[in-house]
Structure formats: C-alpha cells, structure tokens
Amino acid sequence: MSIRPIYLDCHATTAVDERVLAAMLPYFTEKFGNPASISHIYGWEAEAAVRQTREILAAAINATPEEIVFTSGATEANNLAIKGVAEAYFKKGQHIITVATEHSAVIDPCNYLKSLGFEITILPVQKDGLIDLTELKKAFRPETILVSVMAANNEIGVLQPLAEIGEMCHEHQILFHTDAAQAIGKIPLDVQAMKIDLMSLTAHKVYGPKGIGALYVRRRDPRVQLAPQQHGGGHERGMRSGTLYTPQIVGFGKAVEIALAEQETETQRLTQLRQRLWEQLSQVEGIHLNGHPQQRLAGNLNISVEGVDGAALLLGLQPVMAISSGSACSSTNTAPSHVLTALGHPQQLAYASIRFGIGRFNTQEEIDIVAKHAIATIQSLQNKR
Ligand SMILES: *Cc1c(COP(=O)(O)O)cnc(C)c1O
C-alpha cells in the first residue's frame with residue numbers, strides 16, 4: 001500500500017472507532033431483528049439496543065429518550081426540523097430566521113420554503129463569525145415561527161452563543177433549532193439550560209458510522225409540533241417512518257458514549273495540537289486565522305493565505321495531508337466559501353484558505369510534519385509571485 005496523506009479533514013467525516021465497530025457487529029448478524037417486532041426475542045433485543053442509544057443521546061443533551069427521533073443524519077434532521085415546523089406552524093406565521101454561515105442543509109431547506117412563500121431572514125455574522133444578538137432581536141417579528149442557528153460551524157469551528165439565543169427565542173415564544181452536527185460529543189450541550197426546542201445530530205463526525213443521525217424534538221414547555229416529511233408505518237412517534245437501522249443506531253450510541261467520557265481530556269489534547277499548529281503557521285507572513293480565536297471547536301484551525309492561488313496551494317499540500325478548502329460539500333465548486341465570504345473577506349483571500357480538522361487519531365508528530373510542509377509550500381508559492 002502506498003503511503004497515505006495524514007488525515008486532517010475531521011469536519012468532513014471521521015473514521016469509525018474500533019470500539020464502535022465492535023459494538024455494532026452483532027447487530028448485523030445474530031441480533032438482526034426488527035426493533036418494531038413485538039412478539040419475539042429478535043425484536044425485543046433490537047428494541048433494547050435502540051432504547052439504550054436513545055437513553056445515551058438523551059442524557060448527552062439533557063433530554064428524555066422519547067424526545068429523540070432517529071434520522072439518516074443531520075441533513076435529514078435539519079430538513080425535518082425546518083420544513084416540519086414550517087408546515088405545522090404556517091397558520092401562526094411564515095417567517096424564519098437563520099444565519100449566513102449555516103450549513104447548506106439548513107440554508108437550502110430555508111430557500112426551498114422561500115420558494116413556497118415563506119419569508120426568510122439571513123442574519124450576517126461579525127468578523128469573528130459570531131452572530132450579533134442585537135441583530136437577532138431586531139429580526140424578530142410577530143410572525144416569526146423559527147430561529148435556526150448552528151452550534152459549531154463546520155468550516156471555521158465557531159461556537160454560537162446558544163444559551164443567549166435560546167433565552168431570547170423563549171421570551172418571544174419562537175422555536176429555536178440548532179444544527180449540532182459538529183458539536184455533539186465535543187462541547188457541553190443542554191437543551192434545558194440553553195432552551196433549545198429542536199437539535200440535529202449525526203454520528204459520523206464523532207467516530208460513529210455514516211448514515212445515522214437524530215433530531216431532538218421538545219415534548220414539554222413547549223410541546224413542538226412537527227409535520228412528518230416521510231410517511232409510512234408511523235415509527236418514531238409518527239415523525240419519521242421507516243424501519244430503524246439497528247447496527248447504525250448502536251454505533252451512534254457507543255460513539256457518543258465514548259466521546260462524552262473522553263470529552264474533557266480530548267478537548268485539552270486537541271487544543272494543544274491546534275495551538276502547536278497555529279504557533280508554527282503564524283510565523284509566516286500573510287497568514288490569517290479565520291473565526292473567533294477562542295470560542296471555537298478545539299480541533300478546528302481555518303486559515304487564509306495572502307498572495308497565493310487557492311488551487312495551487314491545495315495541490316501542493318495534497319501529497320502530505322488530507323485537508324479541504326472551504327466545506328467538503330462544495331469542494332467541486334471553485335467559488336469562495338460562503339462562510340469565509342460572510343466574514344467579510346475579499347474574494348481572493350477567501351479562496352486561498354485551508355481548513356484543518358484535527359481529531360482523535362492525530363498525533364503531535366503528524367502536526368509537526370503538516371506544519372513544516374505547509375510552511376514550505378506556502379512560502380514557495382509566495383516567492384513565485
Ligand atoms: C456534516 C454536517 C451536516 C450533514 O450531516 P450528515 O449527517 O452528513 O447529513 C449538517 N450540518 C453540519 C454543521 C455538518 O457539519
């Protein structure tokens with residue numbers, strides 16, 4: 001096998017942890033039952049496993065197991081939350097507020113609703129990527145039904161002030177949805193303290209399998225109404241029909257359980273690695289840090305480079321490291337990232353940018369190799385001009 005580049009693209013996806021895989025395996029073969037089968041042990045043991053993940057996820061965000069609705073991932077959870085609320089509450093109002101730096105899985109459902117006649121306010125962000133709470137307050141209208149603001153950004157790692165947003169929404173009786181795909185298992189989340197009504201989750205960014213996620217749907221104070229986007233056998237309290245994917249659900253639970261147990265030490269370790277990388281890169285002239293320097297995910301470093309062509313930079317880095325410029329979901333698109341553009345960068349600077357996503361399986365040795373190669377590549381490209 002040829003030597004593969006060092007993986008530093010943990011915001012795109014992560015490897016399944018061996019412990020997660022081991023927990024999943026029996027549910028493909030001997031414990032293959034349908035969790036909806038109520039008349040035999042095959043169904044019961046699958047249902048018990050699903051129940052256990054519900055409990056783990058609920059405990060992770062201070063919810064109850066009944067408030068967890070399994071989906072195929074965060075994309076589906078976002079669609080269910082946003083379109084489900086729009087359809088259930090349109091008689092109350094048809095205005096939704098979101099943010100310019102959201103993932104396309106939030107922006108696109110909002111644009112779709114706009115095409116149906118809903119009004120969408122897209123809030124700008126400040127230079128550091130954080131929203132301005134006074135701007136949010138100004139955007140509130142009597143007909144606002146939903147505010148959707150992500151927990152942690154997938155490009156610049158910025159952590160939005162969830163508790164403050166939740167408080168403001170709650171005061172105005174507006175539902176608050178957060179896309180926590182990058183946040184679960186990495187930062188503390190508490191739907192009660194943060195007054196969150198809907199929260200999207202996914203497994204594959206925290207060392208769980210792809211193709212499984214969940215939506216937290218508040219049942220009390222207030223009881224959130226949601227129009228299902230997929231109809232069928234009435235699974236998941238009618239909100240999301242379809243046979244549950246037991247092995248993936250087991251893996252999701254195990255992944256979150258491990259991430260929570262290791263959250264504190266891993267946050268410290270990743271922060272050190274990120275700082276080590278930044279200390280080296282910041283020696284080079286014309287390198288800027290994108291996003292708030294402290295209020296960000298421990299493993300995220302996003303930089304822009306002056307005087308360098310973005311495509312040439314990526315090409316030079318590729319043999320040594322697997323990274324991405326902008327978000328992976330739009331990597332075929334050469335337009336500058338909508339997130340970096342929202343920070344107010346000139347287009348050229350936004351384009352020559354690198355997102356480092358450091359994760360559980362990265363070592364200090366790897367970080368030093370990456371820093372050394374990145375510096376050499378950047379300086380040689382800068383000297384060519
Ligand atoms: C990865 C990601 C998604 C999409 O999640 P899937 O489970 O892959 O559908 C949505 N939002 C954010 C912020 C993400 O990082």
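Whatever order the structure lists ligands and atoms in, that order sets their numbers, starting from 1. Atom set for the values below is all heavy atoms of this structure, side chains included, hydrogens, waters and symmetry mates excluded.
For the pair Asn154 and ligand 1, the shortest N or O to N or O distance does not fall below 3.5 Å. Remark: ligand 1 and Ala74 share an N or O pair separated by less than 3.5 Å (distance only, no angle test). Taking distance alone, with nitrogen or oxygen atoms compared against 3.5 Å, Ser72 stays at or beyond that limit from ligand 1.
Closest to atom 11 (N) of ligand 1 by heavy atom, among Thr178, Asp179, Asn79, Val106, is Asp179. For atom 15 (O) of ligand 1, the candidate residues are His103, Lys205, Glu102, Glu76; the nearest heavy-atom contact is made by Lys205.
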Under the salt bridge (charged side-chain N to carboxylate O under 4.0 Å, His left out) criterion, do Glu67 and Arg219 qualify, and how do the steps go?
CA-CA 6 Å; Glu67 294 174 311; Arg219 286 234 289 180; 5.6 Å; no
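Aromatic ring centroids of Tyr42 and Phe32 lie under 6.0 Å apart. Aromatic ring centres of Tyr112 and Phe118: separated by at least 6.0 Å.
Atoms of ligand 1 found under 4.0 Å from any heavy atom of Gly73, numbered from 1 in the order shown, are 7 (O). Shown in contact with Met150 at under 4.0 Å from a heavy atom are these atoms of ligand 1, numbered in order with element: 13 (C). Under a 4.0 Å criterion applied to the non-hydrogen atoms of His204, ligand 1 contributes the atoms 6 (P), 7 (O), 8 (O).
Residue Ser241 comes nearest to Gly234 through the heavy atom pair OG-N, 2.8 Å, listed as atom of the first residue, atom of the second, then distance.
The main-chain N or O of Ile156 is never found under 3.5 Å from a side-chain atom of Arg355 such that the two would form a donor-acceptor pair.
Checking Glu366, Gln268, Gln364 one by one against Leu273, the side chain to side chain contact (heavy atoms under 4.5 Å, CB included) holds for a single residue, Gln364.
When non-hydrogen atoms are compared, ligand 1 lies under 4.0 Å from the backbone of Thr75 as well as from its side chain.
Taking CG from Leu343 and CD from Glu155, the interatomic distance works out to 9.0 Å, rounded to the nearest 0.5 Å.
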